[in-house]
Amino acid sequence: MSREPIIRFDRVSKRFGDFTVLDNLDFQVQPNEKVTIIGPSGSGKSTVLRVLMTLEPINEGVVYVGGDPLWHEYRRNNELSPARGAHLRRMRERLGMVFQQFNLFPHMTVRRNLTEAPRRVLGLSRAEADERAHELLELVNLGNQADKYPGQLSGGQQQRVGVARALMMRPRIMLFDEPTSALDPELVGEVLKVIRQLADTHDLTMLMVTHEMHFARQISDRVCFFDQGRILEQGPPEEILSSPKEARTREFLHAVLNPDE
Amino acid sequence: MDWQDYLAPLSQGAWVTIELTVYSTLLGALLSFVFGIGRDAHTRLLRWLSIGYIEIFRGTSLLVQLFWLYFALPVIGQAIGVNLQLAPVTAGVLALSLNIGAYGAEVVRGALKSVPRSQHEAAVALNFTPRQRLWRIDLPQAIPEMMPPFGNLAVQNLKDTALVSLISLGDLAFRAEQIRNFTQDSTTIYTMVLLMYFGMALVLTALMKLLEHRVGRWRTEN
């Protein structure tokens with residue numbers, strides 16, 4: 001692909017103490033591309049999303065989002081130095097995130113969960129925010145739940161609110177961090193359906209960490225297998241999921257697809 | 001004299017006690033929030049100021065704080081040529097609220113810390129400013145957590161008001177002492193005073209429960 005990547009990790013390292021989570025990582029995502037990240041736990045896959053959402057700082061390298069450095073900003077004589085709060089806030093506008101545990105605000109109704117940030121952060125009027133919330137709740141099939149509190153909803157419904165809440169800010173990039181891992185099996189389908197619909201109808205760059213291999217095959221343009229803080233193997237879903245080249249990938253897929261062996 | 005004859009003066013004293021409790025609890029709550037939030041502020045000066053306040057007022061006796069404000073402060077004022085003689089009620093309210101505020105600040109801080117990290121992350125992802133995170137995400141979730149310990153502190157504060165009788169403020173304890181000196185009827189008077197404090201504590205506890213229910217409504221609707 002020849003276009004300018006919307007996400008670019010340039011030799012990025014991230015350590016927690018002695019443990020290296022991201023190891024000199026190079027990684028690119030094109031605009032509107034749907035990329036799925038798979039890999040064993042501790043491989044750094046969630047960290048990629050958390051670094052992008054500015055929840056985890058990096059130790060080395062540069063991350064670019066939309067061509068601009070995320071954790072750095074240009075100073076005099078074009079040198080990169082660590083980003084300050086205002087720069088991070090500008091950059092965050094480009095990204096939205098859906099969390100494994102939903103992370104809805106329990107003290108707000110569903111409607112206010114959706115409208116609070118657009119009103120306070122983007123400065124939308126109440127009417128504008130309510131209208132946007134109404135549209136998005138319809139999109140995730142929760143049009144009649146706006147006045148409930150998160151605690152009154154099922155996990156699947158809560159996660160759909162989570163998706164709608166992130167979309168309220170109209171990000172160009174959506175990050176999904178194991179969006180169905182905390183759900184009862186019978187509720188996974190309704191969330192995946194919403195995400196698939198989103199992928200089909202919206203011009204969004206999507207980056208997802210998941211263990212739903214069937215789903216990854218359906219919506220991804222590319223699957224990346226992470227191991228020990230690096231991309232061990234990547235390519236079209238059929239290739240990676242059906243005939244991986246690396247032994248580690250084969251082992252991982254075998255374990256995920258045959259959990260009771 | 002009959003116990004009914006004590007009612008009028010004791011009620012007068014009780015009214016002063018109620019006023020002292022209300023003023024110092026409200027001012028104390030304000031101090032709790034200011035210094036409880038300041039305790040973990042990003043600004044170092046604010047953090048140190050809060051730590052200093054909390055430790056000093058938790059680490060010294062309320063009685064000494066009261067005497068210091070009422071008897072020592074005016075002397076210092078004299079030395080520097082300013083009139084710092086406080087009215088008894090001002091000194092009383094100030095000492096009580098500074099004392100209760102130091103304990104309350106730790107309650108506020110603890111409750112803010114109990115808001116899950118994941119809420120903070122969601123708020124960052126939605127690009128709220130640190131101030132918006134505090135006011136719209138953290139405090140609304142922390143305040144219901146604060147209510148039971150705040151209830152305890154308010155009752156504690158009510159009982160502590162008895163100390164202000166020592167700077168001759170006419171509260172319930174002061175009136176009781178006055179009548180007792182006059183009549184020597186210790187049993188009746190102290191029993192009545194006991195019951196009156198207990199009654200006020202019951203009302204205060206009920207009020208705090210009501211408030212607790214009100215600020216935490218979203219929790220009971222689940």
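Every chain is numbered from 1, with letters handed out A, B, ... down the list of sequences.
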Chain B contact via [X] - which portion, at a heavy-atom distance below 4.5 Å:
| X | value |
| --- | --- |
| Phe105(A) | both |
| Leu122(A) | neither |
| Arg165(A) | both |

Neighbours of chain A found in residues 79-116 of chain B - heavy atoms under 4.5 Å |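 Counting heavy atoms that sit under 4.5 Å from chain A, no residue of residues 79-116 of chain B is involved.
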So which bits of residues 120-156 of chain B come within less than 4.5 Å of chain A, counting non-hydrogen atoms only?
->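 At a heavy-atom separation under 4.5 Å, chain A is reached by Glu121(B), Ala122(B), Ala123(B), Val124(B), Ala125(B), Leu126(B), Asn127(B), Phe128(B), Thr129(B), Gln132(B), Arg136(B), Ile137(B), Pro140(B), Gln141(B).
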Surrounding [atom1] of [X] (heavy atoms of other residues, nucleotides or ligands, distance under 6.0 Å), is the total greater than 12?
| X | atom1 | answer |
| --- | --- | --- |
| Arg75(A) | CZ | yes |
| Phe198(B) | CZ | no |
| Glu135(A) | CD | yes |

If you count heavy-atom pairs under 4.5 Å between each of [options] and chain B, which one has the most?
| options | value |
| --- | --- |
| Glu116(A), Met108(A), Glu93(A) | Glu116(A) |
| Val121(A), Thr109(A), Leu153(A) | Val121(A) |
| Arg89(A), Gln101(A), Met53(A) | Arg89(A) |

Donor-acceptor contacts under 3.5 Å from residues 59-68 of chain A side chains, at least two apart:
from, atom 1, to, atom 2, distance (Å)
Asn59(A), OD1, Arg15(A), N, 2.6
Glu60(A), OE2, Arg15(A), NH2, 3.0
Asp68(A), OD2, Arg94(A), NH1, 2.9
Asp68(A), OD2, Arg94(A), NH2, 2.9

Without placing hydrogens or testing angles, list every side-chain donor-acceptor pair under 3.5 Å for residues 168-177 of chain A, not counting sequence neighbours.
from, atom 1, to, atom 2, distance (Å)
Asp177(A), OD1, Ser46(A), OG, 2.8

